[in-house]
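Along the sequence shown, the residues carry numbers beginning at 1. Computed over heavy atoms, backbone and side chain alike; hydrogens, waters and symmetry mates excluded.
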Amino acid sequence: MRILVLPGDGIGPEIVNSAVEVLDAANRAFDLGLAFDHDDIGFASLERHGTTLRDDLLERARTYDGILLGTISHADYPKPAQGGINVSAAFRGKLDLYANVRPARTRTFLDSNLKAGKTMDLVIMREATEGFYPDRNMHLGWGEMMPTPDLALSVRKISRHCSERIARRAFELAQKRRKQVTAIHKANSFHMTDGLFLDAVRHVARDFPEVALNDLLVDASTAHLVRNPERFDVIVTENFYGDILSDLASELSGSLGLAGSVMAGDRQCCAQAQHGSAPDIQGLDKANPTSMILSAGMLMGWLGEHRGNAAFLRAGDAIERAVDTVLRNPATRTADLGGTTGTCAFGRAVAAEVATARRG
């Protein structure tokens, strides 16, 4: 299996290095046959090539089984015309990585931001290729416009095709979990767009009679995530709502730094930490690599499922267990979780746990 490694901006190179170290350990422990190629994106690419994402690199990425994508400082990039391409958005759109899968769960041995006694174990299935994002909803041009200096307009695209396929992935996942899907929408206001999304989800639900479907307005869902997070199993929603709700859910469960994330299509998967590039701690060995490591583990699980390879499934499970083992010990936690362990040492500790997984 060929993996393309793209370190990215800010703390991206540090946390990606930790994830690669963990994958190296899994590679040896489970005989995965992984091969890694590295390349530049983001500011490193901008300095060297005049663009944050080269066309030839994007095309080459199509040939890989999986991708490790580091954090991106796209808010600080120059305009697209000056080479500032939003790398994450380009990968989602151009490679059709339409399913942004974002789990959020509490851990008994770590503090959460929920009320005492409340727990969370859910997965948000976020459609990632259309919606309100102006770089993803037009064949040509940009989805935002300013007819006058004092008037700005934004266009949202919702299609039945994209809504049905993200819904299908959500129901397939729910079958393996607690058999419940919640569709998040605002169809009482966006009658046509969110109405179409909700209709598409309900249509797909007919193929999964064993999975319960309910729906919830997006504003109400934020209250329920805080008050009753245990009610949620798999959440399916469009791009904009999913972006916001996944950050809320992960922070409530403990921290954005504890949240894995993948962008998946029908033939390819990309692992990327859910949080930002944190340039203020870049190069200080302070970043928590948990999110990136868990994302790499999710990539292994995706490869195992889609390539029919049980060793990859076992490797993905082993990585998740190893992260929990290391986090369980206060002495091996990173500073953001009250510990003193640095980025590199945390990655080594997880890799060491994964290395013993097969013997265990």
Could you verify whether a donor N or O on one side chain and an acceptor N or O on the other, from [X] and [Y], lie under 3.5 Å apart?
| X | Y | answer |
| --- | --- | --- |
| Thr237 | Glu127 | no |
| Gln274 | Ser250 | yes |
| Arg136 | Thr129 | no |
| Thr182 | Asn214 | yes |
| Thr148 | Asp150 | no |
| Ser159 | Glu130 | yes |

Close side-chain approach of [X] to [Y], heavy-atom, < 4.5 Å:
| X | Y | result |
| --- | --- | --- |
| Val5 | Val16 | yes |
| Leu95 | Leu58 | yes |
| Val201 | Asp215 | no |
| Phe91 | Leu6 | yes |
| Ser45 | Arg54 | yes |
| Asp219 | Tyr241 | no |
| Ile184 | Leu245 | yes |
| Val234 | Arg177 | yes |

State yes or no: do [X] and [Y] share one hydrophobic cluster built from I, L, V, M, F, W and Y residues joined by side-chain heavy-atom distances below 4.5 Å, directly or via other members?
| X | Y | answer |
| --- | --- | --- |
| Leu114 | Phe232 | yes |
| Leu53 | Ile67 | yes |
| Val204 | Ile235 | no |
| Val323 | Phe109 | yes |
| Val101 | Ile124 | no |

Sub-3.5 Å donor-acceptor pair from the side chain of [X] to the main-chain atoms of [Y], do we have one?
| X | Y | value |
| --- | --- | --- |
| Asp233 | Arg178 | yes |
| Asn86 | Ala89 | yes |
| Asn113 | Leu252 | no |
| Thr106 | Met120 | yes |
| Thr332 | Asn329 | yes |
| Asn100 | Ala128 | no |
| Thr71 | Gly12 | yes |
| Ser221 | Val218 | yes |
| Gln180 | Arg231 | yes |
| Arg156 | Pro134 | no |

Mind listing the closest non-hydrogen atom pair of [X] and [Y] along with its distance?
| X | Y | value |
| --- | --- | --- |
| Pro289 | Ile15 | CA-CG2, 3.7 Å |
| Arg102 | Arg126 | NH2-NH1, 3.6 Å |
| Ser291 | His275 | CB-CD2, 3.6 Å |
| Leu23 | Leu34 | O-CD1, 4.0 Å |
| Leu225 | Pro229 | O-CB, 3.4 Å |
| Trp302 | Gly265 | CZ2-O, 3.5 Å |

**Message:** Would Leu258 and Leu327 count as a side-chain contact (heavy atoms from CB on, under 4.5 Å) here? Give the steps.
**Reply:** CA-CA 10 Å; Leu258 299 172; Leu327 289 174; 3.9 Å; yes
Just checking [X]: does its [atom1] atom have more than 12 heavy atoms from other residues, nucleotides or ligands closer to it than 6.0 angstrom?
| X | atom1 | result |
| --- | --- | --- |
| Phe240 | CZ | no |
| Glu210 | CD | yes |
| Asn228 | CG | yes |
| Met146 | CE | yes |
| Lys94 | NZ | no |

**Request:** Compute both the distance and the angle, then confirm whether Arg333 meets the cation-pi test with Phe346: under 6.0 Å from the six-membered ring centre, within 45 degrees of the axis.
**Result:**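 Ring-cation test returns no.
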**Candidate pair Glu230 and Lys118, rule salt bridge (charged side-chain N to carboxylate O under 4.0 Å, His left out), full reasoning** = CA-CA 7 Å; Glu230 61 276 359; Lys118 292 292 183 179; 3.1 Å; yes
Quick one: pull up [atom1] in [X] and [atom2] in [Y] and give me the separation to the nearest 0.5 Å.
| X | Y | atom1 | atom2 | value |
| --- | --- | --- | --- | --- |
| Tyr98 | His161 | OH | NE2 | 8.0 Å |
| Ile11 | Asn17 | CD1 | CG | 12.0 Å |
| Asp121 | Arg107 | CG | CZ | 10.0 Å |
| Asp24 | Leu32 | CG | CG | 10.5 Å |
| Asp135 | Arg92 | CG | CZ | 9.5 Å |
| Leu213 | Leu198 | CG | CG | 7.5 Å |

**For Asp96, the option from Arg62, Arg267, Arg165, Gln268 that meets side chain to side chain donor-acceptor pair (under 3.5 Å)** =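 Of the listed residues Arg62, Arg267, Arg165, Gln268, the side chain to side chain donor-acceptor pair (under 3.5 Å) partner of Asp96 is Arg165.
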**Request:** Take Thr52 and His74 through the test side-chain contact (heavy atoms from CB on, under 4.5 Å) and record every step on the way to the result.
**Result:** CA-CA 9 Å; Thr52 55; His74 65 86; over 6 Å; no
**Request:** Take Arg160 and Asp199, measure what salt bridge (charged side-chain N to carboxylate O under 4.0 Å, His left out) needs, and give me the verdict at the end.
**Result:** CA-CA 9 Å; Arg160 184 173 297 277; Asp199 182 69; 2.9 Å; yes
**Working for side-chain contact (heavy atoms from CB on, under 4.5 Å), residues Arg314 and Asp317** = CA-CA 5 Å; Arg314 292 194 296 271; Asp317 289 341; 5.8 Å; no
**Prompt:** Parallel, tilted or perpendicular: which fits the ring planes of Phe43 and Tyr77, with parallel below 30° and perpendicular above 60°?
**Reply:**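 Phe43 vs Tyr77 ring planes: perpendicular.
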**Message:** side-chain contact (heavy atoms from CB on, under 4.5 Å) for Val155 and Glu144? Distances and angles first, verdict last.
**Reply:** CA-CA 6 Å; Val155 176; Glu144 286 193 317; over 6 Å; no
